[in-house]
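All remarks here apply to the structure that follows.
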Amino acid sequence: MRSPVFELTCELIRRASVTPEDAGCQAVIGERLARAGFAVEHLRYGDVDNLWATHGDGAPVLVFLGHTDVVPSGPAANWTSPPFEPVVRDGRLYGRGAADMKSGVAAMVVALEDFARAHPGHAGTIALLVTSDEEGASIDGVRRVADEFRHRGQRIDACVVGEPSSKQRLGDLVRIGRRGSLTGRLAVRGVQGHVAYPEKADNPIHAFAPALAALARERWDEGNEAFPPTSFQLSNLNAGTGADNVIPGELRAVFNFRFGTASSASGLRERTEAILRGHGIELGDGASTLDWWLSGEPFATPTGPLRRAALAAIDELCGMEPELSTGGGTSDGRFIAPLGAEVVELGVCNASIHKIDEHVALDELERLPVLYRAIAERMLA
C-alpha cells in the first residue's frame, strides 16, 4: 500500500514520540499543511509541543483534534515486531500509536489537505489542533492551548476528536461526551508502634477501613439521561514498614470518581470529606490530609450541526447508525467543550490501544480520512 494516509501513519509510527515527546511528528504535519495553504502556528509550553493550523476565516470554526504522543511500548521483546517500526500483517498495520492515535492524526491531515484542495473558498474556518501531552499530565497540551484561546478570543464552534472510539467496526460508536474525573490523594496519619502494644500506637489502617467501606457503599447519584451513575474506585492503597511486627504510622490511598452532570466535583469533595470525618478521620492542621485533582468536568453534546453531520457521514459511508456514548475515560475534548464547542469523538477500533502489538485495520485506515472529509463538507463546503 502506498496511499497518503498509510504512508503518513507509518512515518508517524517510526517516530518514538513517547509522551510528552513529539519526536518531530508535528514538524512533518506542519510542513504538509503549510504546503496545502494552511496557516501553521507551533505553540510550545514547557516540554510539550502543540500545533494549530487553520484554513479559511470566520465562522463556523470546525476543529479536528488529536495527539502525537503515545504511551510507552513496554518491553520491545514482547512485541511480534519492533513497536516503532510499522509492519503490515494479515490486513493490519502494527506499531505503537497505530490506533491511539497516529492513524487518526494522519487521517485528519489527509482529509484537511483534500478538503482545502477541493473547496478553496469554503465557508468558515477548518483547523487542526494536535498536542504531545494527551497521554501524560495533560497540563501544557490542549488544556494550556484552550487557556490561550480564551485569552485571544479564538472561538471554536465544533470539534471532532480523533480518539479511537469504535468497538467492532469503524463508526459503530460515537462519543458525544465524557464523564468528569476527580482524583483524591489521602494520607491518614497514625502513630507507629509495636504490634504487641497497640495501646501505644494508632493504626491508620484500622482507622481508614470503615471509612473505605462507607465510601465504597455510597450511592453518589442515580445518573441521568446523558450519564450513568457516578463511580468511586480505589486505585492505590499503601501502608506498612515492611516488618510484620510494626504498626505503620501512615496510610496512603488514591481514589477516583468518574461522574456525570448529576453530581458536581465540589459536591463529591464535600461528601467524601464528611464521610471521612464521620469515621474519625480529621483533615488538616497536622492531621490527615486529602489533596484533590480535577482532571476534567463532564460534558455532553446535544444534537446540533456537528452531531448531525457526523451521523449522516457514518450512515452514508459506513452504512450504520452508531451507538451514542458518554462512557470511557477522558479525552482532550474536555478542554474544548467549555469553549462553547460541540464535541464528538470518532475514530478507529480501540481493542488494541495501549497493548502489546497495537494495530489498526487497513480498511479502517483507508476509510477514515474519507469519513472526516465528509463531515467537513457537510459543515463547511
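All figures in this text were calculated on a predicted structure; none of them were measured in a lab.
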> In Å and rounded to the nearest 0.5 Å, what is the CG to CD distance from Leu371 to Glu316?
Replying inline: 9.5 Å

>> Measuring from atom CG of Leu129 to atom CG of Asp332, what distance do you get when rounded to the nearest 0.5 angstrom?
In response: 8.0 Å

> Is His55 close to His122 at the side-chain level, that is, under 4.5 Å between some pair of heavy atoms?
Replying inline: yes

> Does the pair Glu364/Arg169 count as a salt bridge with the N-to-O cut at 4.0 Å?
Replying inline: no

>> To check you understand the geometry: which heavy-atom pair defines the closest contact between Leu65 and Gly333, and what is its length?
In response: CD2-N, 4.1 Å

> If you take all heavy atoms of Met379 and Pro60, which pair is closest and at what distance?
Replying inline: O-CG, 4.4 Å

>> Regarding Glu377 and His119, do their side chains bring together a donor and an acceptor under 3.5 Å, going by distance alone?
In response: yes

> CG of Leu12 to CD1 of Ile29: how many Å apart, nearest 0.5 Å?
Replying inline: 5.5 Å

> Is there a donor in the side chain of Thr230 and an acceptor in the side chain of Arg219, or the other way round, less than 3.5 Å apart?
Replying inline: no

> Within a strict 4.5 Å, meaning less than it, do heavy atoms of the Asp140 and Asp47 side chains meet?
Replying inline: no

> How about Thr125 and Asp57: does a side-chain donor come under 3.5 Å of a side-chain acceptor?
Replying inline: no

> Quick one: do Arg35 and Glu113 make a salt bridge, cutoff under 4.0 Å?
Replying inline: no

> From Arg367 CZ over to Leu362 CG, what is the distance, rounded to the nearest 0.5 angstrom?
Replying inline: 11.5 Å

> So His194 and Lys200, side chain to side chain contact (heavy atoms under 4.5 Å, CB included) or not? Walk me through it.
Replying inline: CA-CA 8 Å; His194 196 294; Lys200 298 180 180 180; over 6 Å; no

> Leu93, Val28: one ILVMFWY side-chain cluster at the under-4.5 Å cut-off?
Replying inline: yes

> Got a second to check how far Leu128's CG is from Thr54's OG1, nearest 0.5 Å?
Replying inline: 10.5 Å

>> Counting the benzene-type ring for Trp, do Tyr94 and Trp79 have ring centres under 6.0 Å apart?
In response: no

>> Quick check: do Leu170 and Asp363 have side-chain heavy atoms less than 4.5 Å from each other?
In response: no

> Is any side-chain heavy atom of Asp49 closer than 4.5 Å to a side-chain heavy atom of Thr131?
Replying inline: no

>> Please find the pair of heavy atoms, one from Ala106 and one from Thr9, that lie closest to each other, and give the distance.
In response: CB-OG1, 3.2 Å

> Have Glu134 and Thr19 got a donor and an acceptor in their side chains that come within less than 3.5 Å?
Replying inline: no

> Do Asp100 and His354 have side-chain N/O donor and acceptor atoms under 3.5 Å apart?
Replying inline: yes

> So does Glu282 pair up with Arg277, basic N to acidic O under 4.0 Å?
Replying inline: no

> Under 3.5 Å, is there a donor-acceptor pair between the side chain of His359 and the main chain of Asp357?
Replying inline: yes

> Is there a path of hydrophobic side-chain contacts, each under 4.5 Å between heavy atoms of I, L, V, M, F, W or Y residues, that connects Val70 with Met108?
Replying inline: no

> Shared ILVMFWY cluster between Phe259 and Val254, side chains joined below 4.5 angstrom?
Replying inline: no

>> Checking side-chain contact (heavy atoms from CB on, under 4.5 Å) between Ile176 and each of Thr303, Leu306, Val343, Leu324, which is the one that passes?
In response: Leu324

> Is there a side-chain contact between Leu182 and Ser295, using heavy atoms and a 4.5 Å cut-off?
Replying inline: no

> Stepwise, does the side-chain hydrogen bond (donor to acceptor under 3.5 Å, both in side chains) test hold for Asn350 with Ser166?
Replying inline: CA-CA 6 Å; Asn350 59 21; Ser166 302; over 6 Å; no

>> Angle between ring planes, Trp292 versus Phe255, binned at 30° and 60°: parallel, tilted or perpendicular?
In response: perpendicular

> What are the two closest non-hydrogen atoms of Gly329 and Arg258, and how far apart are they?
Replying inline: CA-NH1, 3.4 Å

> Do we see a donor-acceptor contact under 3.5 Å between the side chains of Asn256 and Ser181?
Replying inline: yes

> Between Leu186 and Leu276, is a side chain to side chain contact (heavy atoms under 4.5 Å, CB included) present by the stated rule, with each step listed?
Replying inline: CA-CA 10 Å; Leu186 175 68; Leu276 292 171; 4.2 Å; yes

> Is it the case that Ser17 and Asp22 place a side-chain donor and acceptor less than 3.5 Å from each other?
Replying inline: no

> Just checking, is any N or O donor in the side chain of Ser138 or Asp133 under 3.5 Å from an acceptor N or O on the other one?
Replying inline: no

>> Before you tell me yes or no, could you show the steps for Arg96 and Val18 under side chain to side chain contact (heavy atoms under 4.5 Å, CB included), namely the whole-Å CA-CA distance, both residues' side-chain angles and the distance that decides it to 0.1 Å?
In response: CA-CA 9 Å; Arg96 174 56 84 222; Val18 177; over 6 Å; no

>> Looking only at side-chain N and O atoms, does Glu345 offer a donor or acceptor that is under 3.5 Å from a partner on Ser331?
In response: yes

> Could Asp157 and Arg155 be called an ion pair, given the rule that one side-chain N must be under 4.0 Å from one carboxylate O?
Replying inline: yes

> Which heavy-atom pair separates Gly104 from Tyr372 by the least distance, and what is that distance?
Replying inline: O-CE1, 3.9 Å

> Is the shortest distance from a Lys or Arg side-chain nitrogen in Glu148 or Arg152 to a carboxylate oxygen in the other one below 4.0 Å?
Replying inline: yes

> Looking at Met101 and Pro164, what are the two nearest heavy atoms and their distance?
Replying inline: CB-CD, 4.3 Å

>> Between Arg2 and Glu7 (salt bridge meaning N to carboxylate O under 4.0 Å), is one present in this structure?
In response: yes

> Below 4.0 angstrom, N of the basic side chain to O of the carboxylate: do Glu163 and Arg175 qualify?
Replying inline: no

> Should the heavy atoms of other residues, nucleotides or ligands under 6.0 Å from CG of Asn245 be counted, would the total exceed 12?
Replying inline: yes

> Under 4.5 Å between any side-chain heavy atoms of Val109 and Phe64, yes or no?
Replying inline: no

> How are the rings of Phe257 and Trp220 set to each other: parallel, tilted or perpendicular (split at 30° and 60°)?
Replying inline: perpendicular

> Same hydrophobic cluster for Val161 and Phe227, using side-chain heavy-atom links shorter than 4.5 Å among ILVMFWY?
Replying inline: no

> Going by heavy atoms in the side chains, are Val145 and Trp52 under 4.5 Å from each other?
Replying inline: no

> Going by an N to O cut-off under 4.0 Å, is there a salt bridge joining Asp147 and Arg150?
Replying inline: yes

>> Rounded to the nearest 0.5 Å, what separates atom CZ in Arg217 from atom CG in Leu212?
In response: 9.5 Å

> Do Leu365 and Val370 belong together in a cluster built from hydrophobic side chains that touch within less than 4.5 Å?
Replying inline: yes

> Does the pair Lys167 and Glu323 meet the rule for a salt bridge (charged side-chain N to carboxylate O under 4.0 Å, His left out), with working shown?
Replying inline: CA-CA 10 Å; Lys167 297 188 297 183; Glu323 175 187 348; 2.8 Å; yes

> Would you call Arg334 and Glu297 a salt bridge, using N to O less than 4.0 angstrom?
Replying inline: no

>> Is the shortest side-chain heavy-atom distance between Trp293 and Arg185 below 4.5 Å?
In response: yes

>> The test is side chain to side chain contact (heavy atoms under 4.5 Å, CB included); show your working for Val160 and Leu62 and say whether it passes.
In response: CA-CA 8 Å; Val160 178; Leu62 170 63; 4.3 Å; yes

